[in-house]
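Reckoned from all heavy atoms, side chains included, excluding hydrogens, waters and symmetry mates. One-based numbering, in listed order, for ligands and for the atoms of each.
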Amino acid sequence: MSDTGEPGALARAVELAGQARARGDHPFGAVLLDAAGVVLGEARNTVVSDRDPTAHAELALLRAVPGGATLCASAEPCAMCAGAIGWSTVSRVVYALGRAELAGLTAGDGEGARTSLPCRTVLAAAPHPIEVEGPVPVPGAREVHAGYWMPQRADRIAGTAR
Ligand SMILES: Nc1nc2[nH]cnc2c(=O)[nH]1
């Protein structure tokens, strides 16, 4: 972790995740910093409220990113967001909760961790170098998911439950 605004941005990303949860959305948040550590934008997941399965917090921040920006996320970006980060000019990604831990917390809920692919795997294929740091311990990053996910939802999505 550098001594830019990253620790504060990660704490804010977790706070935004809590706000998303309070609004009925999935508990994820993200903050974009410029090369000097100044906040350029912040976003919450709006998957449920917008009825948009692609409305992830990270994705919302990737339009009009200046060079050298850092994306700080409450959880490791999924494969979809990592792909979009590769299309952007973001040059550093920092995240709190790792996808493996997230998969454990979502306990099989099909809306929680649909892809387990590590973001590093996707970001390594980007046309420009992208530094990745995480998981970083951030207070509340695990707790914001506690009791939110429903394992039985996996069966509903698979069509095996009534
Ligand atoms: N990192 C991250 N993972 C997700 N999985 C489902 N939604 C999200 C999101 O908004 N961010």
Side-chain angles (χ1 to χ4, degrees), residues 1 6-33 39-63 65 69-88 90-126 130-154 156-158:
M1 181 80 66
E6 289 175 11
L10 281 174
R12 177 65 181 149
V14 170
E15 193 173 75
L16 289 160
Q19 291 179 6
R21 180 176 177 157
R23 296 158 67 108
D25 287 306
H26 296 174
F28 297 94
V31 173
L32 188 70
L33 301 176
V39 175
L40 292 171
E42 49 181 49
R44 291 182 291 260
N45 175 295
T46 59
V47 160
V48 177
S49 52
D50 285 342
R51 295 180 180 213
D52 177 356
T54 70
H56 288 195
E58 295 93 327
L59 207 53
L61 291 172
L62 292 178
R63 297 187 177 94
V65 177
T70 294
L71 187 65
C72 297
S74 63
E76 181 175 349
C78 71
M80 173 186 73
C81 291
I85 291 165
W87 283 100
S88 80
V90 165
S91 57
R92 181 169 159 79
V93 173
V94 186
Y95 61 86
L97 199 64
R99 284 223 80 77
E101 200 177 357
L102 181 65
L105 287 166
T106 59
D109 185 326
E111 291 187 13
R114 289 196 180 208
T115 59
S116 56
L117 204 59
C119 74
R120 284 176 176 82
T121 304
V122 179
L123 293 172
I130 302 173
E131 252 177 52
V132 185
E133 186 172 341
V136 174
V138 178
R142 275 183 63 84
E143 289 76 3
V144 77
H145 291 273
Y148 177 83
W149 301 103
M150 297 184 284
Q152 66 274 22
R153 196 148 51 190
R156 287 211 297 278
I157 286 170

Please report the shortest heavy-atom distance between A17 and G29, naming the atom on each side. CB-N, 3.7 Å

Which atoms of ligand 1 are found less than 4.0 Å from any heavy atom of A57? 10 (O)

Smallest separation among heavy atoms of L123 and G86, with atom names: CD2-N, 4.3 Å

Numbered atoms of ligand 1 (with element) below 4.0 Å of N45, judged on heavy atoms: 7 (N), 8 (C), 9 (C), 10 (O)

Rounded to the nearest 0.5 Å, what separates atom NE2 in H56 from atom CZ in R44? 15.5 Å

Closest non-hydrogen contact found for L97 with A141 is CD2-O, 3.8 Å

Quick note on ligand 1: atoms under 4.0 Å from a heavy atom of A75 include exactly 1 (N)

Non-hydrogen atoms of A13 and C72 that approach each other most closely: CB-O, 3.9 Å

Is P77 close enough to touch ligand 1? Criterion: a residue heavy atom under 4.0 Å from a ligand atom. yes

The option among R99, E76, E58 carrying the non-hydrogen atom nearest to atom 11 (N) of ligand 1 is E58

